[in-house]
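Note that the structure is predicted; figures quoted are calculated from it, not measured. Atoms within a ligand are numbered from 1 in the order they appear, just like the ligands themselves.
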Amino acid sequence: MNAPDTLGTPVTVRADPLLLTPGPLTTSAATKAAMLHDRGSWDAAFNEITAEVCADLLSIVHGQGSHVCVPMQGSGTFAVEAALGTLVPRDGRVLVPNNGAYCERILRILAVLRRESVELRFDESEPVDAARLEAALQADPGITHVAFVHCETGTGMLNPLQAVAEAVARQGRRLIVDAMSSFGVLPIDVREGAIEAVVSASGKCLEGVPGMGFVIARRESLEAAAGVSHSLALDLHDQWRYLQRTTQWRFTPPTHVVAALREALSQYRAEGGLAARRGRYADNCAVLVAGMRRLGFEPFLPQALQAPIIVTFRAPTHPAWRFDLLYARMRDRGFLLYPGKLTRVDTFRVGCIGAIGRLDIDAMIAAMAETLDELGIVPGA
Ligand SMILES: *Cc1c(COP(=O)(O)O)cnc(C)c1O
């Protein structure tokens, strides 16, 4: 394995804190260095970079024969909104299995876009159940699409993409996958099932910097979607047509972000692609959970439901516990943690993704032990 250049570098020699967050995340020095150039948006050299990036992204989910890749300026949510607004017709109806904050966000987007939605609720501690989803589709033939979150980053839950894709295909509906925090790490194959679109962004598991999203969309569906979008800037069909016609982005592209993503993708390939990245993140996750357990912390999810992306830990019930104090002292030691996103349980999160390896996680666990000592907190006591 040809590891990215910062892997295993002791945290003491880093210029920046380690970002144990689900994006932005820690990027390699080479990825940062790719941004040290100014590029013209109509220049052939830049358009070549865009084409390479799109071809690479398409191949990660095996979409070369059936799908196209459309990049979109902005954070991941912009791309989710562009996909829903362009691919769901105005009289469509979308089933949203909901087991967390990012599923909730899809429901909000659909409400703003005035697309009808049907919520299928699950507890935050429970994965989406494909059988219940299929029954809901059978019960309501008016549902045209399912919008599904692959890894629910709010908890770190792995939702069962393959079973859901098969159920949606059997029922003859179309599936839009928010694969924001799973793309490039958990296998996705758009040749199977009814996958209409997969949405992700530059600054998550591909280890680029934030600033662009992308949608891998079924070609025929996108071709049929002219004039559907409620929005000019987020019209995926128009963005794609313009790109096809001119090789350029429709409006000012995030040139530095695109260049950084190309560099990050070449490191992804050099590392060994999806299997290698998945292996490294699974290792980070295992080392993290074991180390935190030794300190007395309990993960919110059982191991079997945990995606190797981000881990939610229950906050200790110790009277001296305050996440903001822990956060500040961990930041001073060079580690950025992430607050929890659960409504009913007090939690915090630690990411396993980014250009980091198990030595970084070990260093974080050591810093955590010191911090708990200083604060006089004994988790689990
Ligand atoms: C990060 C993320 C998004 C997009 O969030 P932004 O803040 O817009 O980048 C959407 N869905 C999931 C599951 C995510 O992890």
Going by the atom numbers of ligand 1, which of them fall below 4.0 Å from some non-hydrogen atom of [X]?
{"X": "Cys151", "value": "13 (C)"}
{"X": "Thr153", "value": "12 (C), 13 (C), 14 (C), 15 (O)"}
{"X": "Ser181", "value": "15 (O)"}

Exercise for review: Tell me which protein heavy atom sits closest to atom 11 (N) of ligand 1, plus the residue, atom name and distance to 0.1 Å.
Suggested key: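 Minimum-distance protein heavy atom for atom 11 (N) of ligand 1 reads Asp178 OD2, 2.7 Å.
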Review point. Which residue holds the protein heavy atom closest to atom 9 (O) of ligand 1, what is that atom called, and what is the gap in Å?
Key: Gly76 N, 3.3 Å
Check your understanding: Which one of Arg105, His150, Glu152 has a non-hydrogen atom at the shortest distance from atom 5 (O) of ligand 1?
Key ->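 Going through Arg105, His150, Glu152 one by one, Arg105 has the nearest heavy atom to atom 5 (O) of ligand 1.
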Check your understanding: Taking the minimum heavy-atom distance to atom 1 (C) of ligand 1, which of Lys204, Met180, Glu81 ranks first?
Key ->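 Heavy atom nearest to atom 1 (C) of ligand 1 belongs to Lys204.
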Would you tabulate the side-chain donor-acceptor contacts of residues 297-310 under 3.5 Å, counting partners in other chains and residues two or more places apart, or write 'none'?
| unit_1 | atom_1 | unit_2 | atom_2 | d |
| --- | --- | --- | --- | --- |
| Glu298 | OE1 | Arg293 | NH1 | 3.1 |
| Glu298 | OE2 | Arg293 | NH1 | 3.0 |
| Gln306 | NE2 | Ile310 | O | 2.7 |

Test your reading of the model: is there a side-chain donor-acceptor pair from [X] to the backbone of [Y], 3.5 Å cut-off?
{"X": "Gln73", "Y": "Phe251", "answer": "yes"}
{"X": "Arg39", "Y": "His256", "answer": "no"}
{"X": "Thr27", "Y": "Val209", "answer": "no"}
{"X": "Glu152", "Y": "Cys103", "answer": "yes"}

Point to revise | Tyr102 N/O under 3.5 Å from ligand 1 N/O | key: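 For ligand 1, there is no N or O atom that lies under 3.5 Å from one belonging to Tyr102.
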Exercise for review: Tell me which part of Thr77 gets within contact of ligand 1: side chain, backbone, both or neither, using heavy atoms under 4.0 Å.
Suggested key: both
Review point. Within less than 4.0 angstrom of ligand 1, does Val80 place any heavy atom?
Key: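 Checking ligand 1 against Val80, which is what was asked, there is no heavy-atom contact under 4.0 Å.
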Practice item. List the steps, then state whether side-chain hydrogen bond (donor to acceptor under 3.5 Å, both in side chains) holds for Gln267 with Glu207. Key: CA-CA 9 Å; Gln267 289 164 39; Glu207 300 182 1; over 6 Å; no
Exercise for review: Please confirm whether Phe214 and Phe183 have ring centers closer than 6.0 angstrom.
Suggested key: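 Yes: the rings meet the under 6.0 Å criterion.
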